[in-house]
Amino acid sequence: TYSFSVYIKEFTSATDPYIFFRNTSEMITDKNIGVKLAKDASGIFNTLYLDYCTELNTGTSKLATLPVGQWTTVIITVNGKYVNVYVGGNKLTLQLTIDNLKIPSKFEPIQFGNMPAYLANFSHSSSVIEPSPSFVEYLTKTDGIIIQ
């Protein structure tokens, strides 16, 4: 489970649009899992994507379009081949089924990109934590550390 609050700024360029990623242990440049921002039709980085590795190849899936200029809570749970995405609350936004999803290495650190957004309340758990209303309320408090 990965959870965080993100505030999208109105930037049209980014040197590294990843919010976070974790490399595989086999190749330092191969992202086993990553959540990044991409440009929408107007050229603003507010579209959330998931990069992942399977046993056979890599893939990318669009998760959601985030609002610009406001804090949004995002929770991503991975349970076997199922990836559940919750944006802005505890209602399921998207469920992906990814066969042969490769488990991220416990030994590789979670890294953060130089994305056009503020990030707060980032947390990671090796177990699946389904969001509850109280958990979402906790995440929406933005008095945590902001990474620019």
Side-chain angles (χ1 to χ4, degrees), residues 1-9 11 14-40 44-55 57-68 70-148:
T1 300
Y2 299 91
S3 59
F4 53 91
S5 296
V6 63
Y7 183 96
I8 306 296
K9 300 184 281 187
F11 280 91
T15 56
D16 183 7
Y18 280 92
I19 292 176
F20 73 90
F21 62 91
R22 188 177 236 172
N23 291 327
T24 64
S25 55
E26 296 89 30
M27 294 181 62
I28 198 68
T29 58
D30 190 15
K31 291 177 178 47
N32 179 266
I33 189 167
V35 175
K36 65 182 177 183
L37 295 169
K39 290 181 181 181
D40 67 1
I44 303 295
F45 279 87
N46 69 333
T47 307
L48 197 63
Y49 280 87
L50 173 71
D51 283 354
Y52 57 88
C53 286
T54 67
E55 295 298 328
N57 57 20
T58 60
T60 300
S61 292
K62 180 180 176 182
L63 301 180
T65 300
L66 302 178
V68 175
Q70 73 181 49
W71 285 99
T72 305
T73 302
V74 178
I75 301 169
I76 301 168
T77 65
V78 181
N79 189 2
K81 65 180 182 177
Y82 301 104
V83 178
N84 292 333
V85 181
Y86 304 84
V87 177
N90 62 341
K91 183 179 175 190
L92 182 65
T93 304
L94 177 69
Q95 183 177 65
L96 301 170
T97 302
I98 305 170
D99 291 321
N100 301 313
L101 188 61
K102 203 174 213 183
I103 298 171
S105 170
K106 295 180 197 176
F107 305 106
E108 292 299 322
I110 295 173
Q111 300 178 55
F112 299 92
N114 185 15
M115 71 278 181
Y118 296 115
L119 182 65
N121 301 320
F122 183 90
S123 69
H124 166 260
S125 172
S126 58
S127 60
V128 177
I129 302 172
E130 298 296 332
S132 65
S134 60
F135 184 61
V136 172
E137 180 182 347
Y138 165 75
L139 287 175
T140 59
K141 295 179 180 171
T142 57
D143 56 353
I145 297 172
I146 295 175
I147 300 172
Q148 294 184 348

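FYI, the numbering just counts along the sequence from 1. Predicted model, so just to flag it, every value in this text is computed and none were measured.
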Can you see which heavy atom on [X] is nearest to which on [Y], and at what distance?
| X | Y | answer |
| --- | --- | --- |
| S5 | T73 | OG-OG1, 3.7 Å |
| P17 | F45 | CB-CE2, 3.9 Å |
| E108 | R22 | O-NE, 2.8 Å |
| D51 | T60 | OD1-OG1, 2.8 Å |
| P67 | T72 | CG-OG1, 3.3 Å |
| I19 | F112 | O-CD2, 3.2 Å |

Given the rule in the side-chain contact (heavy atoms from CB on, under 4.5 Å) test, do Y86 and L92 qualify, once you have shown the distances and angles that lead to the verdict? CA-CA 5 Å; Y86 304 84; L92 182 65; 3.8 Å; yes
Approximate separation, where rounding is to 0.5 Å, of [X] [atom1] and [Y] [atom2]:
| X | Y | atom1 | atom2 | answer |
| --- | --- | --- | --- | --- |
| L50 | K62 | CG | NZ | 14.0 Å |
| E55 | L101 | CD | CG | 8.5 Å |
| Y49 | L37 | OH | CG | 11.0 Å |
| T47 | L63 | OG1 | CG | 10.5 Å |

Taking F4 as the fixed residue, which of L119, I75, N121 is the one that meets the side chain to side chain contact (heavy atoms under 4.5 Å, CB included) rule? L119
Any donor and acceptor pair, going by atom type alone, linking the side chain of N46 with main-chain N or O of T65 inside 3.5 Å? no
Assess the residue pair N84 and N79 against the criterion (side-chain contact (heavy atoms from CB on, under 4.5 Å)); give the C-alpha distance rounded to whole Å, side-chain angles, the decisive distance to 0.1 Å, and a yes or no. CA-CA 8 Å; N84 292 333; N79 189 2; over 6 Å; no
As a quick check of understanding, evaluate side-chain contact (heavy atoms from CB on, under 4.5 Å) for T97 and Y82, giving each step before the final call. CA-CA 5 Å; T97 302; Y82 301 104; 3.6 Å; yes
Mind checking whether F122 and F20 have parallel, tilted or perpendicular rings, split at 30° and 60°? perpendicular
Which class fits the ring pair Y7 and W71: parallel under 30°, tilted 30 to 60°, perpendicular over 60°? tilted
Pair I98-V83, side-chain contact (heavy atoms from CB on, under 4.5 Å): steps then yes or no: CA-CA 8 Å; I98 305 170; V83 178; 4.0 Å; yes
